[in-house]
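Because the structure is predicted, anything quoted here is derived from the model rather than measured.
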Amino acid sequence: MSDLARTDELFYDRAGMDRARVGRLVDEALAGAEDGELFLELRQSESLVLDDGRIKSASFDAAQGFGLRAVAGEAQGYAHASELSEAAIARAATTVRAVARGYGGSMAGPPARTNRALYGDENPLALLSYESKVGLLAEIDAHARGRDPRVRQVIASLAGSWQAVQIVRAGGARAADIRPLVRLNVTVVVGEGGRQETGTHGRGGRFAYDPVIAPDAWRATVEEALRQALVNLASVPAPAGEMTVVLGPGWPGILLHEAVGHGLEGDFNRKKTSAFAGLMGTRIAAPGVTVVDDGTIEKRRGSLSIDDEGTPSRRNVLIEDGILVGFLQDRLNARLMGVAPTGNGRRESYAHTPLPRMTNTFMLAGPHAPEEILRSVKRGIYAVSFGGGQVDITSGKFVFSASEAYLIEDGRVGAPIKGATLIGNGPDALTRVSMVGNDLGLDPGIGTCGKDGQGVPVGVGQPTLRIDRLTVGGTRTG
């Protein structure tokens with residue numbers, strides 16, 4: 001059964017709505033508007049957290065509803081409700097049509113149709129019993145504690161969701177998508193004497209639970225969290241000052257996502273609040289730096305068969321060999337900027353309007369072996385993983401804390417360090433990339449991106465990078 005047929009059953013048959021009557025309500029609501037849609041959503045989600053051998057929290061949530069939007073110029077009329085009924089949609093239509101009253105716009109055409117499916121439609125929540133999930137988390141706890149006597153605390157969590165959406169446009173155009181999403185996360189706290197340190201690792205994607213709960217998979221997750229914790233237990237205070245920084249492959253791409261990616265979203269550039277506004281076609285990064293946003297990678301956390309406006313996701317080149325060549329667009333900002341939508345119109349739920357958002361954002365590989373990059377550094381730090389960070393979109397300034405990092409001295413990776421903070425400016429940092437590795441890696445499927453109060457799953461990635469003269473905030477000088 002197709003996603004469209006399955007969502008017809010969910011949103012019309014079960015709710016007792018007539019598809020033709022709903023279509024007429026959408027036509028009436030969008031009369032005179034330039035764009036808009038009815039977004040129907042059903043979502044089931046669960047989360048289990050085991051802390052020190054006990055279930056700390058267990059939740060299950062089922063939500064359904066719709067959002068109805070009319071767009072006239074830059075203005076948007078939006079109404080949403082958790083009630084799926086023709087009466088509720090009719091009330092919403094009365095509200096949103098006011099935005100186009102007297103406007104007389106010409107309705108934009110619907111997105112191109114696609115039969116592409118980047119993930120299956122199995123509901124992860126229905127394929128594994130509650131008892132099995134609890135048993136798995138308990139086994140993870142026991143395994144981690146058995147690996148090293150210094151383990152003092154284990155936190156293991158399993159989360160999954162299943163989302164069905166249908167998008168209805170004026171004139172009867174419809175698109176649908178069914179989206180699974182899972183994640184396993186393990187945190188290990190180790191201690192020696194009076195000192196304690198933490199390591200965290202996770203994995204996930206758009207599939208059922210099997211790839212993350214297979215014995216080899218969850219054991220590897222535990223081993224990585226424990227390894228990171230033990231590395232940090234042996235760490236020394238980080239140096240401070242301006243120095244060469246080497247970023248490892250994969251998850252360190254979160255710095256690229258935050259410091260650069262948000263600044264390449266269409267709304268910030270249309271409103272000229274991005275540090276990259278007005279720079280299209282100019283050099284904004286060092287030669288060899290190519291950044292793409294690709295929502296078409298199968299089963300990746302940030303991938304989408306269609307975005308939340310019904311536009312098929314695609315591979316978008318944003319920076320090509322250092323030159324700014326593209327922005328990420330939803331339909332509204334694309335229309336106002338005179339360009340095509342890029343499949344990046346995303347929303348957290350039916351209660352939110354779509355915004356231009358990243359999917360899987362990463363830098364492409366270059367010519368250098370990682371060992372060559374490390375050998376080239378006389379003195380610096382090697383940042384393998386990051387924790388939290390903050391970015392100012394307007395200025396591009398960022399602050400990121402490394403959760404795993406090492407000293408580099410005379411081309412060799414030395415002692416692990418604690419408390420290293422990278423401080424810089426996204427556009428400026430791109431120009432300081434002097435070597436790009438040949439080891440492109442994507443994150444293990446754990447990213448969530450926040451914007452305007454909305455959170456959506458994303459992916460990041462990059463190869464090993466050398467960045468010259470980046471400010472490092474540490475706890476010692478020299």
Side-chain angles (χ1 to χ4, degrees), residues 238-248 251-280 282-286 289-291 293 318-319 322-324 326-328 333 355-358 361-363 380-405 417-436 443 447-456 458 460-462 465-477:
E242 188 178 82
M243 62 189 73
T244 300
V245 174
V246 176
L247 302 180
W251 179 244
I254 189 65
L255 191 151
L256 178 76
H257 168 103
E258 294 288 358
V260 178
H262 278 298
L264 299 179
E265 292 168 339
D267 51 351
F268 294 130
N269 286 277
R270 179 177 64 83
K271 298 171 184 176
K272 302 190 185 304
T273 57
S274 166
F276 297 103
L279 298 180
M280 183 66 70
T282 66
R283 176 168 298 283
I284 63 168
V289 172
T290 296
V291 177
D293 183 88
L318 305 176
I319 302 171
I323 307 298
L324 178 60
F327 295 131
L328 301 175
N333 286 281
L355 300 167
R357 307 291 299 273
M358 286 172 275
T361 312
F362 50 93
M363 185 184 297
I381 70 167
Y382 177 36
V384 176
S385 188
F386 286 98
Q390 293 182 328
V391 178
D392 183 312
I393 300 301
T394 302
S395 66
K397 293 180 180 179
F398 64 79
V399 178
F400 275 89
S401 299
S403 57
E404 181 183 353
I417 55 176
K418 180 182 180 181
T421 301
L422 303 189
I423 304 167
N425 176 287
D428 179 63
L430 284 179
T431 66
R432 296 173 184 260
V433 174
S434 58
M435 299 178 78
V436 180
D443 77 281
T448 297
C449 173
K451 177 180 177 180
D452 287 358
Q454 298 190 42
V456 296
V458 295
V460 300
Q462 66 174 46
L465 299 178
R466 171 175 164 155
I467 304 178
D468 296 332
R469 303 186 314 281
L470 196 60
T471 300
V472 177
T475 53
R476 69 178 175 88
T477 57

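Contact of the Val436 side chain with the Leu465 side chain is registered, since non-hydrogen atoms from C-beta on lie closer than 4.5 Å. Val260 places none of its side-chain heavy atoms less than 4.5 Å from the side chain of Val291. Contact of the Ile417 side chain with the Pro239 side chain is registered, since non-hydrogen atoms from C-beta on lie closer than 4.5 Å. In this structure, the side chains of Ile319 and Leu264 come closer than 4.5 Å at one or more pairs of heavy atoms. Counting only heavy atoms from C-beta outward, the side chains of Val472 and Leu422 approach each other to under 4.5 Å.
Side-chain N or O atoms of Asp443 include one that pairs as donor or acceptor with a backbone N or O of Val460 at under 3.5 Å. A donor-acceptor pair under 3.5 Å is formed between the side chain of Thr273 and the backbone N or O of Phe268. Side-chain atoms of Gln462 come within 3.5 Å of backbone atoms of Gly248 as a donor-acceptor pair (strictly under, hydrogens ignored). Judged by distance alone, the side chain of Ser274 and the main-chain N or O of Asn269 form no donor-acceptor pair under 3.5 Å.
Here the CD-OG1 distance, from Glu265 to Thr361, works out to 8.0 Å after rounding to the nearest 0.5 Å. Of the inter-residue distances, the one linking Phe362 atom CZ with His257 atom NE2 reads 14.0 Å to the nearest 0.5 angstrom. Annotation: the span from Thr421 atom OG1 to Phe386 atom CZ amounts to 9.5 Å, rounded to 0.5 Å. A distance of 11.5 Å separates CG in Leu324 from CZ in Arg283, rounded to the nearest 0.5 Å. How far CZ of Phe276 is from CG of Leu430: 5.5 Å, rounded to the nearest 0.5 Å. The CZ atom of Phe327 sits 7.5 Å away from atom CG of Leu279, with the distance rounded to the nearest 0.5 Å.
Dense packing is recorded around NZ of Lys451, with more than 12 heavy atoms of other residues, nucleotides or ligands lying under 6.0 Å away.
Residues that satisfy the side-chain contact (heavy atoms from CB on, under 4.5 Å) test with Arg270, not counting sequence neighbours, are Glu74, Leu332, Asn333, Leu336, Met337. Scored by the salt bridge (Lys or Arg N to Asp or Glu O under 4.0 Å) test, Arg466 finds Asp468 as partners (sequence neighbours excluded).
Listed here is the closest heavy atom pair of Ile284 and Thr431: O-CG2, 3.6 Å. Nearest heavy atoms, Met358 versus Val458: O-CG1, 3.6 Å. Closest approach of Val384 and Pro252 over heavy atoms only: O-CG, 3.1 Å. Smallest separation of non-hydrogen atoms from Ala275 and Gly396: CB-N, 4.3 Å. Of all heavy-atom pairs spanning Ile467 and Ala429, the tightest one is CG2-O, 4.0 Å. Here the closest non-hydrogen pair linking His262 and Ile393 is CB-CD1, 3.2 Å.
Applying the salt bridge (Lys or Arg N to Asp or Glu O under 4.0 Å) test to every pair with at least one member in residues 420-432, sequence neighbours left out, gives these pairs: Asp428-Arg432.
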